Each structure stands twice: as C-alpha cells, then as structure tokens.
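What you are looking at is a predicted structure, and each value in this text was computed from that prediction instead of being measured.
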Amino acid sequence: MSALNDATTPVSIFVFGDYHVRSPGKLATPPLHLLRVLVYVLLKGRGEPVSRGRIRDLIWSDNGSERANADIRQSMGRIRKFQQDYDFELLSADSQSVWLNPGQNIYIDLAEFLDLAASPSPKGCLRMCEIYRAELLVSPVSAGSGFEEWLAHQRAALFADFNEALSQALQDETGLTPQERRYCASRLLRLDPCHEGAHRALMSDAAAKGQFSLVKQLYNACSKQLNDELGEGPDDATVRLYQELTGRSLND
C-alpha cells in the first residue's frame, strides 16, 4: 500500500510513538492487535496476504494452540468491529490469510516511512523526522515473546534506515538549508546521542554563524557523551573539524 497524505485522507493510522487512529471528528486508540497485525502485514508481507497461522503463532506464541486459536478469532472480531465503527475496511481475513484491502483511502505513517526509506532524499528526510517520533508500537502491554522478538528486530531495522538516511542528508551540499540541517541533526541526536555526524553538523552550523564559543560547547558536549556512553573520545573527523573551525589545537 502506497503512502498517502495524512492531511487529505478520511482515516489516518499512526503506529510510531503514541499510536492512534484519526478520522473526521474522531480520535481513537484502536485495538492493539489491529496495529500488530497491520505492522506485520506491512513489514513481513509488504502488503501481500500473510498466513493467519503465522500471525497467531507470533502474537500468541506464549499460549497453547487451542487458546491461541480462540484469541485470534476474538481479535479479528474486534478488528472488524472497530473498522465498522470508524467506517473503513483496511484489514480482512479468512481462515487461512490476512491481507490489506487495495484502494483504501487510508494514510498509514509506517507505509509513508517505508516509501521514503526506499528512495531516500534530503528533503524526504525532513518528513522522516516528523514521522519517526518514537519507536514502533510502544506499549506497556506485551504480546507473545515470538512477536516481541520479531518486533525488536523490525524496530532496529527501521532505526537503521532512519539513521542512514539522515546521516547522508547531513553531508555537505545535499540541498538542505541551514535550518533544515539543524533540525535533522537535533532530531537524530535525540535518538542517537553518540552520532558524531550530527554533532559535526551542529558545530559547522554554529561556526557559520560566527558562534565559536558554541562550537567549543558542542564539541565538549560531544566528547562527554561519547566518554560517558562508550568510554572513548571523538573520532579523527570530529577532532579535525573542531580544529579547522576554531583554528586551535585541543591543547589551546
């Protein structure tokens, strides 16, 4: 399913961070299993039908087979009821498969993120920053251990896509304005405080504005963060940039 604009679609589904469903005049927290099934179909099936049995065995992996069969029947019933209440039909299922219905005028933040990650661009990274507010499906309620293990792997893969796209966008001459570069760098550091490319981008921005005392503060903050978390100092590229920007050695 291709991504749509969440400002123009009648139903929008958000699975990053504070997950919810938005429709005209309504804001609701959907059944968590609806979102788990949706995420699995998008990431595992890439929108194609997936095995209902595989979903059962993942989400209810800690239950016995008889109870798991009952759980998935009940959950699919709740999913159908929620979709009816909010006047959409995104997910359908039969006894063998679960699938996304084509042609639905529904925005899904994960679908847009996957599209942007597949064809990254500097400007697209700005939108990725807006979408990636927090990890996927953050919830205090756990599913079966099988699903949680699978979800942890997917979260790591999505963050790696986000990290790589922003790292490339922060390179020189990518077409971002200084304000956009600051935004991307600050957003990346919120999620990866030891990302030296983001630290260097902020240092360069401060130097371009003649704020050399801020350059030193940013370098020192970077050094402390790396030492506290990794037990090491900045890499050669960060040290060299600091010296170039300030015209001084680290001993000055």
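The local environment of NZ in Lys123 is crowded, with over 12 non-hydrogen atoms from other residues, nucleotides or ligands closer than 6.0 Å. Heavy atoms from other residues, nucleotides or ligands lying under 6.0 Å from CZ of Arg155 number more than 12. Other residues, nucleotides and ligands contribute over 12 non-hydrogen atoms within 6.0 Å of the CZ atom of Arg133. Applying the 6.0 Å contact sphere to CD of Gln96 captures no more than 12 heavy atoms from other residues, nucleotides or ligands. Shown here is Glu149, whose CD atom has no more than 12 heavy atoms of other residues, nucleotides or ligands within 6.0 Å. Around the CD atom of Glu66, the shell of radius 6.0 Å holds no more than 12 heavy atoms that belong to other residues, nucleotides or ligands. By the neighbour-count criterion of 12 heavy atoms within 6.0 Å, atom NE2 of His20 is densely surrounded, having more than that number from other residues, nucleotides or ligands. For Asp87, the CG atom sits in a loose shell: 12 or fewer heavy atoms of surrounding residues, nucleotides or ligands are nearer than 6.0 Å.
Side-chain atoms of Leu110 and Leu43, non-hydrogen and from C-beta on, do get closer than 4.5 Å to each other. Ile55 places a side-chain heavy atom less than 4.5 Å from the side chain of Val98. Contact of the Leu38 side chain with the Leu100 side chain is registered, since non-hydrogen atoms from C-beta on lie closer than 4.5 Å. Side chains of Ile106 and Ser12 form no contact here, defined as non-hydrogen atoms less than 4.5 Å apart. Proximity of Leu191 to Phe162: side-chain heavy atoms (C-beta onward) are separated by under 4.5 Å at one or more points. Counting heavy atoms from C-beta outward, Arg22 and Phe14 have side chains that approach closer than 4.5 Å. At least one side-chain heavy atom of Leu137 sits under 4.5 Å from a side-chain heavy atom of Arg36. Contact annotation: the side chain of Met203 never approaches that of Gln211 to less than 4.5 Å [non-hydrogen atoms, C-beta and beyond].
In this structure, CD in Gln225 is found 6.0 Å from NE2 in His199, a value given to the nearest 0.5 Å. Note that the CG atom of Asn163 and the CG atom of Leu158 stand 12.5 Å from one another [nearest 0.5 Å]. To the nearest 0.5 angstrom, Ile79 atom CD1 is 10.5 Å from Ser92 atom OG. Here CD of Glu135 is found 12.5 Å from CD of Gln154. Values are rounded to the nearest 0.5 Å. The structure places CZ of Phe88 at 9.0 Å from CD of Gln104, a figure rounded to the nearest 0.5 Å. With rounding to the nearest 0.5 angstrom, the CD atom of Glu244 is 6.0 Å from the CG atom of Leu241.
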key: Steps toward side-chain contact (heavy atoms from CB on, under 4.5 Å) verdict (Cys194, Asp192)   = CA-CA 5 Å; Cys194 291; Asp192 183 3; 4.1 Å; yes
key: Verdict with supporting geometry, Val50 and Ser97, side-chain contact (heavy atoms from CB on, under 4.5 Å)   = CA-CA 5 Å; Val50 299; Ser97 303; over 6 Å; no
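Side chain of Asp205 to main chain of Arg182: no donor-acceptor pair is present (N/O by atom type, distance under 3.5 Å, no hydrogens or angles). With Ser61 contributing its side chain and Ser145 its backbone, the two residues share a donor-acceptor pair below 3.5 Å. A donor-acceptor pair under 3.5 Å links the side-chain atoms of Arg181 to the main chain of Leu170, judged by distance alone.
Across all non-hydrogen atoms, the minimal contact from His195 to Ser167 is NE2-OG, 2.7 Å. Pro30 and Ala28 make their closest contact through CD-O, 3.5 Å (heavy atoms, listed as atom of the first residue, atom of the second, distance). Of all non-hydrogen atoms in Leu91 and Leu34, the two that sit nearest each other are CD1-O, 3.8 Å. Nearest heavy-atom pair across Leu176 and Pro122 is CD2-O, 3.5 Å. The two residues Ala206 and Leu214 come nearest to each other via the heavy atoms CB-CD2, 3.8 Å. Glu196 and Thr238 make their closest contact through OE1-OG1, 2.5 Å (heavy atoms, listed as atom of the first residue, atom of the second, distance).
Note: Phe147 and Trp60 fail the aromatic proximity criterion, with ring centroids not under 6.0 Å apart. A ring-centre distance under 6.0 Å is found for Phe16 and Tyr132.
Ionic pairing of Asp236 and Arg240 is not present here: no N-O contact between side-chain nitrogen and carboxylate oxygen is shorter than 4.0 angstrom. Using a 4.0 Å cut-off between a side-chain N of Lys or Arg and a carboxylate O of Asp or Glu, Arg200 and Asp235 qualify as a salt bridge. Asp71 and Arg56 are not joined by a salt bridge, as no carboxylate oxygen comes within less than 4.0 angstrom of a charged side-chain nitrogen. Salt bridge status for Arg80 with Glu89: absent, with no side-chain N to carboxylate O gap under 4.0 Å.
Leu114 and Ile131 fall within the same hydrophobic cluster, defined by Ile, Leu, Val, Met, Phe, Trp and Tyr side-chain heavy atoms under 4.5 Å apart, directly or through other members. Cluster membership for Leu32 and Leu58, using ILVMFWY side-chain heavy atoms within less than 4.5 angstrom, is shared. In the hydrophobic clustering of ILVMFWY residues, with side-chain heavy atoms under 4.5 Å counting as a link, Tyr40 and Phe82 come out together. Linking ILVMFWY residues whenever their side-chain heavy atoms come closer than 4.5 Å, directly or via other members, places Leu42 and Leu151 in the same cluster. Each of Leu126 and Leu189 belongs to its own hydrophobic cluster when Ile, Leu, Val, Met, Phe, Trp and Tyr are linked at side-chain heavy-atom distances under 4.5 angstrom.
In summary, the side chains of Gln168 and Glu164 do not present any donor paired with an acceptor at a separation below 3.5 Å, with no hydrogens or angles considered.
Checking Leu245, Val239, Thr246 one by one against Tyr242, the side chain to side chain contact (heavy atoms under 4.5 Å, CB included) holds for a single residue, Thr246.
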